[in-house]
Amino acid sequence: MIANLLDGIVLGLQFGLLAGGLTMVYGLGGVLNLAYGQMAVVSAMVVVLSMEAGLGPIPAVVVGLVAGGLLGLLLDLTILRPVYRLHGEARVLLSLLLTLGLAFMVDGFLSWRYPTKALTLRIGGGPVELLGVRMVRGGVVASVITILVLGGLLLFFRKTTLGRAVRSVIEDEEGARLVGVDPQRMLRLILILTGVLAALVAVTRSLVTPVSVTAGFELTVSALIVTVVGGLGSVGGAILAGLILGMISTVAASSIGTVLSLIILLVAAAVTILIRPSGLLGVEE
Amino acid sequence: MLEVRGLTAGYQGGDVIRDVGFHVDEGEAVMIIGSNGAGKTTLFRAVLGLLRPSSGTVEFQQEVITGKQTQRIARLGISFVPAERHLFPRMTVRENLSLGAYPDRPDPDDVQSVFDLFPRLAERRGQRAGTMSGGEQQMLAVGRALMSRPRLLVLDEPTTGLAPKLAAEAYRALGILKQRGLTVLVAEQQVPLALALSDRGYVLENGVIRKEGTSAELTHDPDVRRSYLGVV
Amino acid sequence: MIEGYTEGTGTAVVGGTERRASRSLVALLGPVALVGALLSLVPLWLGDSRVMMGVAVLGLTFACYAVGFNLIFGSTGQLFLCVGALAGIGGYGSAIFADKVGLPILASMLLATLASSLIGGLLSWIAVRRSLGVIFTGIITLIFSLVFGNLVLGAAGITGGDGGFHIQAGADTFLRQTIPPYYLMLALLLVFVLSHGLLRRSHVGWAFRALRDDEVAAELAGVDVSRYRVYAAVIGAAMLGLSGSLFAFTEGTISPTTYGFAQVDVETMVMLAFGGIGSLFGPVLGAAVFTVIDELIQGLGQLRLLVYGALIIALFLWVPRGIIPTLGDLMRRRQE
């Protein structure tokens, strides 16, 4: 049970990080990026290819993170341009459809070119003893990295001028413009940042389980559900929801099987949305 | 300092303001008076780049700013306090003020001088803006606008929703700012308060400037007295 | 694309006279008959090939899906990302009723259709009651799709799980022959298009149009917006369920991918977007074109997905309103 809960926390933190990226972009620019999971997968493939080209694991991971950031920038510079001309629901809808198209393109290309590739990073050394439970070392390392990154993000948003400027756009875009913040530049910055985060999720995930070329859609859907449960636009909510859903998912999976646990997870998400459409920590409109 | 010529702007339904011209000189306090729906907010939104005018120009310190983005205009030295205030509701008073100084870090002296002007804000520095009263929010909006050390402060109906006492309080603060040399442009329905502050004024009716003059002239104008000062 | 929900063909007849109404009926029946006649010629050309007729039946099935989805999304703006799941309830439901319960085929089809219809209505009712916007409706229905997919996998005892199952019922009847399924499916499609057309000409259609153009204004004008949304979902989901169910019996085998999200929902959306969201014949045109395209790129393997992705992007960027409405606009402009 405790082992399952700890596994759930590992998974939940990754869910939270992924959902946090999705929710920031949505809160900031009204853009729902359905190619988010594919960004993670592409970064993972970049890591794999770099390692096959002879790079060590750490430099390869760095290359992967940079690739993630570049993907975010590319998204901002290409496919999202026409989206920025729209407003409100039309904007969300177009962003959703275009990034869905992109997601299919990426999936199609990757499963055609690299059908069997997957990223698996192994960390040497035996299991780690934690709360009297033996944990796989990779999972512990993944969690530590994720927690550090989450902490760093929190500091960035609370303490730095740039981080506050990003929050100001999420809270009141017109107010942000009136104090001189350029929402478009903040969105670009966050798209780059979330690209790096997606790559990071792929890397930490590969410490626990292989990240295959076809994992994109699943990652996006998980992130989407966690985002909605946590409250669109709320990073704290995304992390909280990620932890809760992560724990439900691993505990349920070990006791009643994967398929049923997934159903429970989905139903839990649906019920949350119906009871609180604004999400756990979202603001009531 | 600010020179507006022939400004026409509106929304899809049609023009709200037509061929509006006015100017504000350095160190002056100028008011735009008009009733609800006269076009004051539209005028300010067009000046600030929040709304694209269909014709006309806006010059600030000899530089044409028409068509520039709001955030650029803000960085040139115009601070705008909209009637809806547009504060950051889930941030504290302090964070709201800090963002006023964007992109720089806030100068502690500037924060202190805002607190001197509005002691209430000093008491509530850790409180979230969204949880404060209307009067406090108005103070915070003005305070935030001052943090960038603007050359021109533009206020749209700063007394909206305020009790008479708080409205008078707001204008007392504006008076102090004006004495310190800040140029002020204010749109107002509460004409007596604005008249006391301003050097000159314009009367906006149905989107057109009907009258202009010094505050003294406007105070004695029979139309103004009848329509805005409630004197029969 | 929100602005793009323009009518393709129909001219609004609101409170028109008898004569105008009957003329509009001719204006509806004419094109439906023409499309029906054209499509009924297909077996003369492909009838020798069992494989090609299978492709044609699948194309018609997708056209049916697209009409149902069009009624729900195009007419009332509810983004139902569970086209495959609702069709799957029809397909799996009727197959199970017929094979495992032993009901007659027709009865099991009707029961399963009723089930999809009720579930579609329920989803819409929830969305309306909680006033979920387009996005939240999309997410809730997407979750429903995933739940359905997992239920099918989980209840492997009756659904056959990953591998699906062979349907015994109707095995030696005309349902599994080469030509009859095509005409059955074509008849279903024509009935759907005709119903959609008639609906649009009735006061229900007037309400649809009003709430699509301006929901707030429609509400002010006294249209019970939420009720018409639920109506549209009930009817549209019934169409999805019925076509999914008929397809199951003509195919003889079903598996999770028969009704999968990536297979059904995405393709239906692309077809509808191409043909024209909200237009009467858009779904038919879209399904026809994409069935041909799909056949042409069959050899590309996984790259098909890439082509589809690129098509989605290109479509929504350059013809966001779909081919039929865009062409209609062009012609109208040339006339003026």
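A quick note: this is a predicted structure, and the numbers were derived from the prediction, not measured.
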Contact origin within [X] toward chain C - heavy atom pairs under 4.5 Å:
X: I225(A); result: side chain
X: I275(A); result: backbone
X: L265(A); result: neither

Plane angle bin for F148(C) and Y92(C) - parallel if under 30°, tilted between 30 and 60°, otherwise perpendicular: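 Correct class here is perpendicular.
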From [X] atom [atom1] to [Y] atom [atom2], the distance as rounded to the nearest 0.5 Å:
X: I79(A); Y: L102(A); atom1: CD1; atom2: CG; result: 4.5 Å
X: L11(A); Y: F15(A); atom1: CG; atom2: CZ; result: 4.0 Å
X: I72(C); Y: T137(C); atom1: CD1; atom2: OG1; result: 11.5 Å

Least distance between heavy atoms, S212(A) atom then A118(A) atom: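 Looking at all heavy atoms of both residues, the closest pair is CA-CB, 3.9 Å.
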Minimum heavy-atom distance between F144(C) and C82(C), given as atom pair plus value: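 Closest pair (atom of F144(C), atom of C82(C), distance): CD2-CB, 3.7 Å.
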Measuring heavy-atom distances to chain A, does [X] have an atom under 4.5 Å in its side chain, in its backbone, in both, or in neither?
X: L146(C); value: both
X: I313(C); value: both
X: I126(C); value: side chain
X: L151(C); value: both
X: V307(C); value: neither
X: L142(C); value: side chain

[X] vs [Y] side-chain heavy atoms within contact, under 4.5 Å:
X: R188(A); Y: L77(A); answer: yes
X: L122(C); Y: V230(C); answer: no
X: V292(C); Y: L296(C); answer: yes

Max heavy-atom pair count under 4.5 Å with chain A, selected residue of M269(C), Q302(C), R304(C):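 Result: the option with the highest number of such pairs is Q302(C).
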Contact leader toward chain A among V147(C), L303(C), L79(C), I312(C), where contacts are heavy-atom pairs under 4.5 Å: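 That would be L303(C).
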Residues of residues 31-41 of chain A near chain C, each having a heavy atom less than 4.5 Å away: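 The list, in residue order, reads L32(A).
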G244(C) backbone acceptor or donor facing Y259(C) side chain under 3.5 Å: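 Side chain of Y259(C) to backbone of G244(C), a donor-acceptor pair under 3.5 Å: yes, one is there.
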Max heavy-atom pair count under 4.5 Å with chain C, selected residue of L260(A), V228(A), V221(A):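 Maximum pair count with chain C is reached by V228(A).
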Ring-ring centroid check F69(C) F80(C), cutoff 6.0 Å: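 Aromatic pair excluded; centres sit 6.0 Å or further apart.
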Derivation and outcome, side chain to side chain donor-acceptor pair (under 3.5 Å), residues N4(A) and T250(A): CA-CA 6 Å; N4(A) 286 328; T250(A) 48; 5.8 Å; no
